[in-house]
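Each remark here refers to the structure printed beneath this line.
Here the structure is a predicted model, which is why all the values come from computation and not from measurement. Numbered from 1 within each chain, the chains take letters A, B, ... in sequence-line order.
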Amino acid sequence: MNLALKTKSDNPLTENAKRGIFKTGGLRMNARPTEEQKPIQHMRRNPPIAGEAEAIAKAQAGDGHSFEILYSLHKRRVYSLCLRMLGNVAEAEDLTQEAFLQLYRKIGTFRGDSAFSTWLHRLAVNVVLMHLRKKGLPQVSLEETLEPSQDDGPRKDIGERDLVLSGSIDRVALERAVENLPPGYRLVFVLHDVEGYEHNEIADMLSCSIGNSKSQLHKARMKLRDLLRSGQRKEESIA
Amino acid sequence: MSSARNLQDGTSMNCAEFQEKLPELFESGANVSQEEHVQGCETCSALVRDLEYIAAQAKLLLPIHDPSPVVWDNIQSAIRSDHGADSKTAVHSGKRT
Ligand SMILES: [Zn+2]
């Protein structure tokens with residue numbers, strides 16, 4: 001299966017490659033990240049896992065049991081990523097399956113220049129995006145027209161102290177709110193705020209401008225705030 | 001769209017102007033809560049606090065979901081059929097140790 005979502009290969013974003021983030025086309029892995037160029041958040045989220053290196057080497061040599069180990073080590077993270085991007089269990093499971101099948105076919109091309117999990121997650125993101133492309137949605141740029149007005153201009157009701165969120169939401173509430181974001185907002189929010197990708201990477205993945213990625217992110221956070229606040233209001237009225 | 005709105009006073013930044021600048025401010029890495037307007041405006045300071053809080057909480061969202069066991073079963077059978085009658089024997093199944 002051809003992974004290329006966007007084939008513009010000679011753009012200045014090879015910066016990404018230096019930092020261990022690889023374009024979809026050939027999953028290039030030639031550049032070695034220097035110390036200061038390592039994507040910090042990715043590193044934080046992808047700490048080395050005991051036994052992983054050995055499992056990778058064996059799986060590359062065709063050992064099925066080692067591939068299964070890699071699956072158990074990474075299934076949760078890959079599946080959660082798919083689920084958050086898609087907001088749908090059945091699709092998320094299908095694409096988790098697809099991502100690991102691609103991993104199986106491509107693992108021989110992994111050379112250890114980036115963290116394995118960084119590489120795998122990027123592969124999974126690409127699988128999800130390709131799926132969304134096929135379905136023809138959600139075009140990030142279209143989202144602007146789908147979401148009218150409410151984020152334009154100052155918000156008159158914002159100052160009510162009892163509705164300030166800070167410190168008061170739990171992760172379950174946030175998860176639920178993320179699920180309820182419009183698809184385009186959700187993609188950018190999950191990629192940036194949850195997964196830690198930079199705007200230039202997201203722009204590249206989604207074939208949109210960096211400015212668009214930034215504005216979608218802002219709108220996503222505004223929308224989340226709305227969702228969380230209205231959730232709180234409901235809870236208060238029940239209590 | 002909202003550009004010409006609420007520009008009456010012209011001197012200090014008002015809420016509309018500030019909120020329009022907000023996405024860029026956040027992305028610039030500036031300490032947004034130290035912005036002059038935020039210091040003097042409860043509405044916008046609440047907004048900034050909430051948005052920063054949401055972004056911070058998002059980073060803490062862990063992968064908590066597990067795929068159903070069917071996913072692995074499907075992967076295995078797909079790998080097997082990939083190999084077909086291929087000389088390489090397929091992936092070992094199940095947990096053997
Ligand atoms: Zn204000």
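Of the atoms belonging to B/Glu24, it is side-chain heavy atoms, and not backbone ones, that fall under 4.5 Å from chain A. The part of A/Leu217 that comes within reach of chain B is its side chain, from C-beta onward, which places non-hydrogen atoms under 4.5 angstrom from that chain. B/Ser45 does not touch chain A: none of its heavy atoms, backbone or side chain, sits under 4.5 Å away. For a residue to count as touching a neighbouring chain, one of its non-hydrogen atoms must lie under 4.5 Å from one of that chain's; by this rule B/Glu27 touches chain A with the side chain only.
Relative orientation of the A/His218 and B/Phe26 rings is tilted, given thresholds of 30° and 60° on the angle between their planes. Ring geometry for A/Phe110 against A/Trp119 counts as tilted: the plane angle lies between 30° and 60°, on a 0 to 90° scale.
The pair A/Arg221-B/Asp50 does not meet the salt-bridge criterion, since no charged nitrogen lies less than 4.0 angstrom from a carboxylate oxygen. Salt-bridge formation is detected for the pair A/Glu175/A/Arg84: a Lys NZ or Arg NE/NH1/NH2 atom is positioned less than 4.0 Å from an Asp or Glu carboxylate oxygen.
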